[in-house]
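To keep things clear, I will list the structure first and then write my remarks on it.
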Amino acid sequence: KLHKLNLLPTIEAINREVLGGILQEIVMHFWKRRGKWKTDAEVLKKKVSEIAELKHASKLLKARIHKWVAHAATVERIKAHEFLQKEENMEIKLQRLEEFWPKFHRAHKQAEHLAENVDQTAGE
């Protein structure tokens with residue numbers, strides 16, 4: 001169903017971000033063990049704050065996406081329900097056909113009768 005909603009590019013982008021985060025953590029630990037990467041406490045606090053803000057924003061985005069997907073699914077269900085409501089059931093269709101044929105034959109007989117009258121009138 002995801003391909004129908006065209007969410008695959010979004011999911012791929014999120015997966016790339018997650019992979020990038022994991023790789024960044026591996027690199028960070030590698031250089032920290034060697035003493036090459038030292039971070040000031042203030043810078044660290046700022047980065048932690050940024051991460052917390054990003055996490056909060058991602059939660060909001062995820063909630064919006066779920067609401068949008070649920071809304072789209074609800075709209076599709078409503079459309080399907082309306083379509084099914086418009087479809088007539090078999091009993092109604094058969095009843096309509098039974099009413100149609102007598103009217104059709106009556107009209108056909110009337111047309112034949114009129115044609116005979118026209119022929120008689122033309123012959124006189």
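All figures in this text were calculated on a predicted structure; none of them were measured in a lab.
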Qualifying residues under side-chain contact (heavy atoms from CB on, under 4.5 Å), relative to Lys47, sequence neighbours excluded: Val43, Glu50
Which donor-acceptor pairs under 3.5 Å do the side chains of residues 7-20 make with protein atoms, sequence neighbours left out?
residue	atom	partner	partner atom	Å
Asn15	ND2	Ile11	O	3.4

With sequence neighbours left out, what residues match Arg77 under side-chain contact (heavy atoms from CB on, under 4.5 Å)? Ala73, Thr74
Spacing of NE2 belonging to His56 relative to CG belonging to Leu54, to within rounding of 0.5 Å: 11.5 Å
Just how far is it from atom NZ of Lys45 to atom CD of Glu42, taken to the nearest 0.5 Å? 5.0 Å
Are Val69 and Leu61 linked, directly or through other ILVMFWY residues, by side chains that come within less than 4.5 angstrom of each other? yes
